[in-house]
Amino acid sequence: MSNNTLKNDRFIRALLRQPVDQTPIWIMRQAGRHLPEYKALRAEAGDFMSLCTNPELACEVTLQPLRRYDLDAAILFSDILTIPDAMGLGLHFVTGEGPRFKRPVSTLAEIKKLAVPDMGAELKYVPDAVSKIRSALNNTIPLIGFTGSPWTLATYMVEGGPSKNYSKVKGLRYQDPKAMHALLDVLADACISYLNAQIEAGAQALQIFDSWGGVLNTADYQEFSLAYMHKIIAGIHKEYEGQKIPVILFTKGGAQWLESMVDCSDAARPDALGLDWTYSIDLAKQQVGSKVALQGNMDPCALYGSDENLQLAAKSVLDDFYKSNQNSFGHVFNLGHGIHPGIAPEKVKLLVDTVHSHSAELIKNS
């Protein structure tokens, strides 16, 4: 199966900074909690992880938004915490509080006991889901695989769950940097194996979610987050079955480090950078747009607005990217983070249709 046979390859072409007829769009959390059909299936399954670990159900959830919206890519329905779960930390979800680990790690001795999970055993359900989704898509649109960044995974593993100030994981960084690096190193190795397994099962593009890289200072971001994401990118398949596998790096709150993200060897450089909504995509394009594609970056809360204001917000992002003809290709529209739970599906459809129609006009007139 090759990308050349995709009926809609805009997303892949944009990531490779090739010409497109309109800006492709996919949306973080497009499959999930804002859709009534997802809520019904989750209730039937019993809990969130029962959806993630069942390839048939994960496939169904992945396909649900594609029946409503004219999206240009699908993304595997899973969770970033599958790797630490497979490492035996006892992942569970508490209603109203999110993910929790029964056995968080806090010492070098505990970290040394961790091992890269067997992708054909503990995590087999993930490539199995990828394979089912790829088959179900029947080469209509590409499939995105993903992982959390080592730093982001480590925050949950050390904190034991979500955190407001990251005192435990930052405390470990300052108390025992050797232990912190040992944890990040085994996680990076696990992420490489995990993403390669997804590629081999059919993923055609990848995203690294560095959800909490933005809580670090500049020096620590370079040392404890970015270095390990570069290691992952250097370690995964660049091509598979003769096709390039583009990689998107998304650090929430990391716009000040965009140049650092691409200032590396060719082997470690991502193909695209994701932006949250706090930074101008025009400025990002001026900084790094000749080296990588850009993804983003409308404020998710714009979906709560009136139809008119939602359309204005979407058009503003597109206008900012296309205001200069220089490097006029290489944009994937997305939100600056995931869809909020209370968003009406009708708003998402309006967004998708607006992005396609407005960008087609901009490209036509450029």
Rounded distance (nearest 0.5 Å) linking atom CG of L172 with atom CD1 of I111: 5.0 Å
Salt-bridge contact R269-D263 (side-chain N to carboxylate O under 4.0 Å): no
T354 side chain vs Q311 backbone, donor-acceptor pair below 3.5 Å: no
Intermediate values then yes/no, side-chain hydrogen bond (donor to acceptor under 3.5 Å, both in side chains), Y221 and S260: CA-CA 10 Å; Y221 175 74; S260 298; over 6 Å; no
Worked check of side-chain contact (heavy atoms from CB on, under 4.5 Å) between L6 and F11: CA-CA 10 Å; L6 283 167; F11 172 70; over 6 Å; no
Residue of the set K132, R42, R67 for which salt bridge (charged side-chain N to carboxylate O under 4.0 Å, His left out) holds with E60: R67
Check: N138 side chain, T140 main-chain N or O, donor-acceptor pair, under 3.5 Å: no
Any R29 side-chain heavy atom under 4.5 Å of L335 side chain: no
Name of the residue among L195, I233, I144 meeting side-chain contact (heavy atoms from CB on, under 4.5 Å) with L206: L195
Min side-chain heavy-atom separation T147-I208 under 4.5 Å: yes
Presence of salt bridge, K124 and D128, under 4.0 angstrom: yes
Over all atoms of both residues, closest heavy-atom pair of A272 and L15: CB-CD2, 3.6 Å
Distance, nearest 0.5 Å, that separates CG of L249 from NE2 of H230: 6.5 Å
Euclidean distance, S359 OG relative to F333 CZ, rounded to 0.5 Å: 9.5 Å
Neighbour count >12 (heavy atoms, 6.0 Å) for atom CD, E56: yes
Polar side-chain atom of S193 near backbone of A190 as donor-acceptor pair, under 3.5 Å: no
4.5 Å side-chain heavy-atom contact, S163 and T155: no
Distance-only polar pair, side chains of Y322 and T23, donor-acceptor under 3.5 Å: yes
Short side-chain to backbone donor-acceptor contact, N365 and E361, under 3.5 Å: yes
With E122 via salt bridge (charged side-chain N to carboxylate O under 4.0 Å, His left out) - residues at least two apart: none
Cationic N near anionic O, under 4.0 Å, K285 to D320: no
Side chain D210, main chain W151, donor-acceptor under 3.5 Å: no
Validation row: V169, F224 side chains within 4.5 angstrom (heavy atoms): no
Stepwise side-chain contact (heavy atoms from CB on, under 4.5 Å) check, V61 with L35: CA-CA 10 Å; V61 174; L35 293 174; over 6 Å; no
Minimal non-hydrogen separation, I281 against V317, with atom names: CG2-O, 3.7 Å
R17/D271 ion pair, N-O < 4.0 Å: no
Polar side-chain atom of K347 near backbone of A302 as donor-acceptor pair, under 3.5 Å: no
CA sep, side-chain torsions, deciding dist, call: Q243, I12, side-chain contact (heavy atoms from CB on, under 4.5 Å): CA-CA 10 Å; Q243 296 299 319; I12 299 294; over 6 Å; no
Side chain proximity check, V116 to I192, heavy atoms < 4.5 angstrom: no
Side-chain (H331) to main-chain (G296) donor-acceptor, under 3.5 angstrom: yes
Nearest atoms (heavy-atom pairs only) where S106 meets E110: N-OE1, 2.6 Å
Evaluation steps, side-chain contact (heavy atoms from CB on, under 4.5 Å), between V105 and K113: CA-CA 10 Å; V105 295; K113 294 178 182 177; over 6 Å; no
same_hphob_cluster(L283, F321) at 4.5 Å side-chain heavy-atom cutoff: yes
Side chain proximity check, P99 to H92, heavy atoms < 4.5 angstrom: no
NE2-NZ distance between H237 and K244, expressed to the nearest 0.5 angstrom: 13.5 Å
Residues Q222 and W257: side-chain donor-acceptor under 3.5 angstrom: no
For the student: nearest non-hydrogen atoms of A86 and L123, plus distance: CB-CG, 3.7 Å
D266 CG to K238 NZ distance, which is reported to the nearest 0.5 Å: 10.0 Å
Check: N8 side chain, D72 main-chain N or O, donor-acceptor pair, under 3.5 Å: no
Exercise: identify the closest heavy-atom pair between I133 and A58: CD1-O, 4.3 Å
Nearest-0.5 Å distance, CG of residue L351 to CG of residue N334: 9.0 Å
Whether Y69 and H34 hold their rings parallel, tilted or perpendicular, with breakpoints at 30° and 60°: parallel
Side-chain touch L81/L153, heavy atoms, less than 4.5 angstrom: yes
Shared hydrophobic cluster for I339 and Y304 (ILVMFWY, side-chain gaps under 4.5 Å): yes
Side-chain donor or acceptor of R103 paired with backbone N/O of G88 under 3.5 Å: yes
Side-chain ion pair, D220 and K170, N-O less than 4.0 Å: no
Close side-chain approach of H337 and F250, heavy atoms under 4.5 Å: yes
Shared hydrophobic cluster, L312 / I343 (ILVMFWY, side-chain heavy atoms < 4.5 Å): no
Check: F209 ring centre within less than 6.0 Å of F146 ring centre: yes
Side chain S366, main chain I363, donor-acceptor under 3.5 Å: yes
Pair D282, S280: side-chain N/O donor-acceptor within cut-off below 3.5 Å: no
Nearest atoms (heavy-atom pairs only) where M298 meets W277: C-CB, 4.0 Å
Side chain to side chain donor-acceptor pair (under 3.5 Å), paired with S50, selected from T53, D47, N54: D47
Aromatic ring pairing W212/Y166, orientation class (parallel under 30°, perpendicular over 60°, tilted between): tilted
